[in-house]
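What follows is a single structure, written as structure tokens, with notes after it.
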Amino acid sequence: MEMRLEVVQVPVSDVDRAKAFYTEKLGFVLDHDVEHFPGMRVVQLTPPGSPTSVVIGTGMTAMEPGSLEGLQLVAPDLPALRAELVDRGADVSEVQDMGGVLFAHFADPDGNRWVLQGATPPAVREAHTA
């Protein structure tokens, strides 16, 4: 049996503000913005290079805006990604080295908290799986 995580809902209070943040500041690709019926708007956004998308919208979830935390984006060059996001206007923490793996953090306009992780170096991966 095979399963893939393809879409994660992110609860937001203002869909257009969140859509602008994710596309303009983070560079996510807008896959679609559809109102299936009155009160249910689905906006699907995909991080560049990711097989998994996020969905924001209305009429889909009972989660409170800003209640999501810990979604993780992994990048081969975290310092370069952070610099690009900051240049786009995103408020991203400084990069922290946590035992050979790099991390940074940011929140969307509603306070949903994300983690940026640098790709785990092979030596660190081997040390943690031995």
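Atoms considered below: every heavy atom in the structure, side chains included; atoms not considered: hydrogens, waters and symmetry mates.
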Q. By side-chain contact (heavy atoms from CB on, under 4.5 Å), which residues pair with V29, not counting sequence neighbours?
A. D31
Q: Grab the two heavy atoms, one from A18 and one from V12, that are nearest each other, plus how far apart they are.
A: CB-CG1, 3.7 Å
Q | CD on Q117 to CG on L81, rounded to 0.5 Å | A | 12.0 Å
**Q.** Distance, nearest 0.5 Å, that separates CD of E35 from OG1 of T58
**A.** 6.5 Å
Q: For S13, check side-chain hydrogen bond (donor to acceptor under 3.5 Å, both in side chains) against everything at least two apart and list the hits.
A: R17, D110
Q. Does any pair with a residue in residues 50-65 pass salt bridge (charged side-chain N to carboxylate O under 4.0 Å, His left out), and if so which ones, sequence neighbours excluded?
A. none
Q: Not counting sequence neighbours, which residues clear salt bridge (charged side-chain N to carboxylate O under 4.0 Å, His left out) with E24? List them please.
A: none
Q. Hey, what do you get for OG1 (T52) to CG (L5), rounding to the nearest 0.5 Å?
A. 5.0 Å
Q. Within a strict 4.5 Å, meaning less than it, do heavy atoms of the L85 and L116 side chains meet?
A. yes
Q) Could you state the interatomic distance from NE2 (H105) to CH2 (W114), rounded to the nearest 0.5 Å? A) 13.5 Å
Q. Do the side chains of Y22 and V43 get nearer than 4.5 Å, heavy atoms only?
A. no
Q) Tell me, which pairs form a salt bridge (charged side-chain N to carboxylate O under 4.0 Å, His left out) where one or both residues lie in residues 66-81, sequence neighbours left out? A) E69-R113
(Q) Quick check: closest heavy atoms across V115 and G70, and the distance to 0.1 Å? (A) CG2-CA, 4.3 Å
Q. Does a sphere of radius 6.0 Å around CG in D87 hold more than 12 heavy atoms from other residues, nucleotides or ligands, not counting ones at 6.0 Å or beyond?
A. yes
Q.
Let's go through F21 and I56 carefully: what are the C-alpha distance in whole Å and the side-chain angles of both, what is the deciding distance for side-chain contact (heavy atoms from CB on, under 4.5 Å) to 0.1 Å, and is it a yes or a no?
A. CA-CA 12 Å; F21 173 80; I56 59 175; over 6 Å; no
Q. Got a sec, which pairs hit salt bridge (charged side-chain N to carboxylate O under 4.0 Å, His left out) with one end in residues 6-16, sequence neighbours left out?
A. R4-E6, D16-R41
Q: Provide the closest heavy-atom pair for P76 versus A119 in the form atom of the first, atom of the second, distance.
A: CA-CB, 4.0 Å
Q | Closest non-hydrogen atom pair, P48 against G27 | A | CG-O, 3.3 Å
Q | Partner residues of K19 under the salt bridge (charged side-chain N to carboxylate O under 4.0 Å, His left out) criterion, sequence neighbours left out | A | D33
**Q.** L30 with V8, same ILVMFWY side-chain cluster at under 4.5 Å
**A.** yes
**Q.** Same apolar cluster: V74 and L45, side chain cutoff 4.5 Å
**A.** no
Q: Under 4.5 Å between side-chain heavy atoms, chaining through other members, with only Ile, Leu, Val, Met, Phe, Trp and Tyr counted: pull out the rest of the cluster around M60, sorted by chain and number.
A: V7, F37, M40, V42, V55
Could you go through residues 94-103 and list every donor-acceptor pair under 3.5 Å that involves a side-chain atom there, pairing it with any protein atom two or more places apart or in another chain?
| unit_1 | atom_1 | unit_2 | atom_2 | d |
| --- | --- | --- | --- | --- |
| E94 | OE2 | R82 | NH2 | 3.3 |
| D97 | OD1 | G99 | N | 3.2 |
| D97 | OD1 | G100 | N | 2.7 |

Q. How many angstroms lie between CG in L26 and CD in E84, if you round to the nearest 0.5 Å?
A. 10.0 Å
Q) Can you list the other members of the hydrophobic cluster that holds M3, where links are side-chain heavy atoms under 4.5 angstrom apart? A) M1
Q) If only atom types and distance count, is the side chain of N112 paired as donor or acceptor with the main-chain N or O of P11 below 3.5 Å? A) yes
